[in-house]
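Written out below as structure tokens is the structure these notes cover.
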Amino acid sequence: MMGPAHSLSGAAAWLGVGAGAALLDRPMPWPVLLAGALICAGAALAPDLDHKAATISRAFGPVSRTLCEVIDKLSYATYKATRMKGDPRRSGGHRTLTHTWPWALLCGGGAAAACVYGGRWGVLAVLFVHMVLAIEGLLWRHARVSSDVLVWLLGAASAWMLTEVLDKPGNGSGWLFEAEGQQYMWVGLPVALGALVHCLGDALTVSGCPVLWPIPLGRKRWYPLGPPKAMRFRAGSWVELKVLMPVFAALGGVGALAALQLIG
């Protein structure tokens, strides 16, 4: 899928988690619901860091472009080292390592660790990166005609304000993980969820997605998981723009209302 659909699906997924948390009598404070939805929307773009034309590869200028090249080479090397006889030969690393469940868990764990051990600056760094990506994904029409610096400033301001709100008692810095020193561990959850949602979205497209790696299926370790080919679509097609994106928006709205306990 394209960036906007990935981001919208990520936000909807976290709002759905919020609805589930409310049903389990562990409701999210509204700042956690809002911050988590934005983080998940940004994280849903992150797996495409292995593609030089992706939104995330352009989002942070030379830094993200260089990181894209490194991740692409790492992904390709991992593919070559672990492919089985049924896996086709390929010339690049797109839709390989960064489109798997271990990578999603690694990103979520890394974000949680940065927040716990990096203190306030770690939290701000994680939020800044994902706020910029959320802006690029959810407000892509405006972001494309704006300067990168303006998007970065908006991301930094959003990260700072969210941290200020979350730090206030009862607003969610210790939501779910309540022990001393575990504040903001929950941030890893929307990061991992966003990456997984990205993989599931790509699985709906023509190429499928090897999200189950390194678990082998038949003669393939990089099996392109997806529905029957007749049900798949091309990225950017009318199915994505006219059907899936409105559905994601509607599900997100219902999830938000349920998470805030405005509907039962």
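Keep in mind that what you see is a predicted model, and the values were worked out from it rather than measured.
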With a 4.5 Å heavy-atom cut-off, do T55 and L133 have their side chains touching?
no

Shared-cluster residues of V63, by chain and number - hydrophobic side chains joined below 4.5 Å
none

Closest heavy-atom contact between S207 and P224?
O-CB, 3.3 Å

Straight-line distance of L138 CG to L38 CG, nearest 0.5 Å
7.0 Å

With rounding to the nearest 0.5 angstrom, report the CG to SG distance, L193 to C107.
12.5 Å

Does any part of the side chain of Y184, heavy atoms only, come nearer than 4.5 Å to the side chain of L127, both counted from C-beta?
no

Hydrophobic cluster partners of Y76 (side-chain heavy atoms under 4.5 Å):
none

The salt bridge (charged side-chain N to carboxylate O under 4.0 Å, His left out) partners of R26 (sequence neighbours excluded) come to E178

Could you check M28 against L260 for side-chain contact (heavy atoms from CB on, under 4.5 Å), going step by step and ending with a plain yes or no?
CA-CA 8 Å; M28 296 178 184; L260 295 172; over 6 Å; no

Least distance between heavy atoms, W175 atom then A21 atom:
CZ2-CB, 4.3 Å

Mind checking side chain to side chain contact (heavy atoms under 4.5 Å, CB included) for A19 and listing every partner two or more places apart, or none if nothing turns up?
A258

Please answer whether the main-chain N or O of R221 pairs with a side-chain N or O of R83 as donor and acceptor at a distance below 3.5 Å.
no

Apply the hydrophobic cluster definition, ILVMFWY joined by side-chain contacts under 4.5 Å directly or through others, and give me every member besides I215.
W101, L105, L196

At their closest point, which heavy atom of A134 faces which heavy atom of A41, and how far apart are they?
CB-CB, 4.3 Å

Under the side-chain hydrogen bond (donor to acceptor under 3.5 Å, both in side chains) rule, what pairs show up with a residue in residues 106-132, not counting sequence neighbours?
R120-E164, R120-D167

Cluster link V129 to L153, ILVMFWY, side chain under 4.5 Å:
yes

In this structure, would L262 and W14 fall into the same cluster of hydrophobic residues linked by side-chain contacts under 4.5 Å?
yes

P227 and R232, any side-chain heavy atoms less than 4.5 Å apart
yes

If you look at every heavy atom in L166 and P31, which pair is closest and at what distance?
CD2-CB, 3.5 Å

Between V211 and W103, is there a shared hydrophobic cluster once you connect ILVMFWY residues whose side-chain heavy atoms come closer than 4.5 Å?
no

Non-hydrogen atoms of D87 and K220 that approach each other most closely:
OD1-CB, 3.3 Å

For residues 235-242, which side-chain N or O atoms pair as donor and acceptor with protein atoms under 3.5 Å away, sequence neighbours left out?
{"unit_1": "S237", "atom_1": "OG", "unit_2": "R234", "atom_2": "O", "d": "2.9"}
{"unit_1": "E240", "atom_1": "OE1", "unit_2": "G236", "atom_2": "N", "d": "2.8"}
{"unit_1": "E240", "atom_1": "OE2", "unit_2": "M2", "atom_2": "N", "d": "2.8"}

For S64 and I56, run side-chain contact (heavy atoms from CB on, under 4.5 Å): C-alpha distance rounded to whole Å, both residues' side-chain angles, the deciding distance at 0.1 Å, then the answer.
CA-CA 7 Å; S64 54; I56 185 174; 5.5 Å; no

Go through the steps for L244 and F233 under the test side-chain contact (heavy atoms from CB on, under 4.5 Å), then give the verdict.
CA-CA 11 Å; L244 291 182; F233 58 88; 3.4 Å; yes

L34 with W186, same ILVMFWY side-chain cluster at under 4.5 Å:
yes

Rounded to the nearest 0.5 Å, what separation is found between the CG atom of L204 and the SG atom of C199?
11.5 Å

Roughly how far, to the nearest 0.5 Å, is the NZ atom of K73 from the SG atom of C68?
9.0 Å

Pairs satisfying ring pair (Phe, Tyr, Trp, His ring centres under 6.0 Å), at least one member in residues 193-231, at least two apart
H6-H198, Y79-W222, H99-H198, W213-W222

Using the test side-chain hydrogen bond (donor to acceptor under 3.5 Å, both in side chains), find all partners of T205 that sit at least two apart in sequence or belong to another chain.
R95

Could I get the full list of side-chain hydrogen bond (donor to acceptor under 3.5 Å, both in side chains) partners for T96, not counting sequence neighbours?
none

Approximate separation, where rounding is to 0.5 Å, of D72 CG and T98 OG1:
9.0 Å

Under the rule for side chain to side chain contact (heavy atoms under 4.5 Å, CB included), what residues qualify as partners of L200, not counting sequence neighbours?
none

Decide side-chain contact (heavy atoms from CB on, under 4.5 Å) for V123 and V187; before the verdict, give the C-alpha distance in whole Å, the side-chain angles of both, and the deciding distance to 0.1 Å.
CA-CA 9 Å; V123 174; V187 169; 5.6 Å; no

Spell out, as yes or no, whether a donor-acceptor pair under 3.5 Å connects the side chain of D202 to the backbone of C209.
no

On a heavy-atom basis, which atom in F60 and which in F128 lie closest, and how many Å separate them?
CE2-CE2, 3.9 Å

If I take atom CD from residue Q261 and atom CG from residue L23, how far apart are they, to the nearest 0.5 angstrom?
8.5 Å

Contacts of D48 meeting salt bridge (charged side-chain N to carboxylate O under 4.0 Å, His left out) (sequence neighbours excluded), chain-then-number -> none

Between S57 (side chain only) and A53 (backbone N and O only), is there a donor and an acceptor less than 3.5 Å apart?
no

Can you check side chain to side chain donor-acceptor pair (under 3.5 Å) on S75 and D50, steps first, answer last?
CA-CA 7 Å; S75 298; D50 60 3; 4.8 Å; no

Establish whether L154 and L124 are linked, either directly or via other cluster members, by ILVMFWY side-chain heavy-atom contacts under 4.5 Å.
no

